[in-house]
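Since the structure is predicted, the reported quantities are computational estimates derived from the model, not experimental observations. Sequence positions, counted from 1, serve as the residue numbers for this chain.
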Amino acid sequence: MLWLFWGSDEPSIGEAGCPARRLWVEGTAAELGCNASGNPLPHVACAKLGDPQAPPASPNVTRAHAGTYQCRATNAHGSALRNITITVECERGTGSGDSPVAVSLRVVPSANVSRGASFSVECRAEGLPAPTFGWALPPAPNLRFGADNRSVAVARAAAANRGVYTCTASNRHGRRAGSVVVRVDGEPRAQGMGDSGDGSSAGVASPASPCCPAESRLALLVSLGVLGAVTVLGLAAAGIYYLKTTACKKGEYNVRDAEGTSEGARLHRGDAGGRGEVFGIQLTPT
């Protein structure tokens with residue numbers, strides 16, 4: 001008779017069946033699977049260290065699932081342990097749910113800048129993997145960006161530095177943007193607040209106040225009224241001058257005509273006074 005004795009093996013957990021590092025993406029479904037070998041086939045159970053009640057699987061992964069889990073494989077001959085680290089990649093802020101990442105901008109020392117002063121705009125955003133940063137801002141030669149592009153510094157502010165500064169944070173899961181308005185000597189060059197992507201912006205930008213059209217129209221009407229009055233006075237003066245000139249010339253011509261007629265009477269006052277001769281001219285209507 002041939003007796004066959006089947007061997008028995010203690011449980012073993014290796015990298016091939018149970019990777020020590022896992023990457024989960026926030027908002028997706030995931031399960032912590034771990035295979036072990038042994039004879040008889042071991043039973044495997046996993047739990048999060050420090051929170052044994054946390055389930056090792058979820059239909060909607062959140063940041064709370066990140067951490068270290070311990071898996072235990074057990075059969076009749078013993079047990080084996082293996083630790084697994086789970087990293088959750090996300091583009092959202094702290095906590096779970098669909099709250100978008102908070103892209104916040106801060107102007108140091110103030111968003112109201114005096115000409116010739118220096119200031120900087122800092123951009124902050126959370127995300128995993130860490131986001132990269134991009135800027136849309138008023139072009140100027142006095143801009144200097146930080147090494148990680150999270151900030152932009154402006155030296156000796158001028159009128160060209162007025163306007164909306166927009167920071168965009170991006171990673172493989174998406175992008176968010178926030179904006180802030182910088183004023184130099186109190187007058188912004190640009191209006192509105194930028195907000196791109198599919199999230200919300202934490203920056204606040206106030207639109208510039210438009211010029212007052214009513215006051216402009218009033219000033220124009222006053223100017224036209226003054227110009228009209230000056231024109232009327234000028235025409236009146238020209239008319240009076242014309243009438244006076246015409247009357248004088250007409251009288252001069254009548255006198256000259258009268259001197260050559262028989263109606264001119266010569267008056268003699270004598271030569272004793274040495275006064276010469278005086279003519280009296282009688283004018284008739286023309």
Side-chain angles (χ1 to χ4, degrees), residues 1-104 122-134 146-151 167-178 197-200 202:
M1 180 182 289
L2 179 62
W3 293 90
L4 296 178
F5 294 93
W6 296 95
S8 59
D9 297 320
E10 293 183 354
S12 176
I13 307 176
E15 180 69 20
C18 191
R21 294 188 176 276
R22 314 287 179 91
L23 180 62
W24 292 359
V25 178
E26 185 179 27
T28 63
E31 182 178 0
L32 179 58
C34 190
N35 297 324
S37 60
N39 190 14
L41 189 64
H43 170 72
V44 180
C46 301
K48 186 177 183 180
L49 295 179
D51 186 10
Q53 302 300 321
S58 174
N60 185 22
V61 171
T62 68
R63 299 184 76 173
H65 288 94
T68 301
Y69 292 74
Q70 186 175 81
C71 293
R72 179 185 297 270
T74 306
N75 66 7
H77 304 287
S79 63
L81 298 175
R82 184 171 179 82
N83 289 342
I84 297 96
T85 300
I86 294 179
T87 302
V88 177
E89 280 193 352
C90 56
E91 57 168 339
R92 297 172 172 85
T94 303
S96 59
D98 295 328
S99 299
V101 63
V103 177
S104 61
E122 300 174 355
C123 182
R124 297 181 180 179
E126 294 184 11
L128 188 64
T132 58
F133 297 86
D148 55 2
N149 220 35
R150 286 176 176 260
S151 64
C167 173
T168 302
S170 307
N171 65 12
R172 72 181 70 177
H173 305 295
R175 54 193 249 165
R176 298 288 187 273
D198 53 354
S200 62

With heavy-atom distances below 4.5 Å as the criterion, would you say the side chains of Lys48 and Pro56 are in contact?
no

Beyond-backbone contact of His77 with Pro40, side-chain heavy atoms, under 4.5 angstrom:
yes

Could you grab the distance from atom [atom1] of [X] to atom [atom2] of [Y], nearest 0.5 Å is fine?
X: Arg21; Y: Thr68; atom1: CZ; atom2: OG1; result: 8.5 Å
X: Leu49; Y: Ile84; atom1: CG; atom2: CD1; result: 9.5 Å
X: Thr85; Y: Leu23; atom1: OG1; atom2: CG; result: 12.0 Å
X: Glu31; Y: Trp24; atom1: CD; atom2: CH2; result: 8.0 Å
X: Cys167; Y: Arg150; atom1: SG; atom2: CZ; result: 9.0 Å
X: Ser79; Y: His43; atom1: OG; atom2: NE2; result: 12.0 Å

How close do [X] and [Y] get, heavy atom to heavy atom, and via which atoms?
X: Val103; Y: Ala169; value: CG2-CB, 4.4 Å
X: Asn75; Y: Pro42; value: CB-CA, 4.0 Å
X: Pro55; Y: His65; value: O-CD2, 4.1 Å
X: Cys18; Y: Ile13; value: CB-CG2, 3.5 Å

More than 12 heavy atoms of other residues, nucleotides or ligands under 6.0 Å from CZ of Arg22: is that the case?
yes

Asn149 side chain to Phe133 main-chain N or O, any donor-acceptor pair under 3.5 Å?
yes

Do Cys34 and Cys71 have their SG atoms less than 2.5 Å apart?
no

Hey, could you give me each pair passing salt bridge (charged side-chain N to carboxylate O under 4.0 Å, His left out) that has a residue in residues 75-85? Not counting sequence neighbours.
Glu15-Arg82

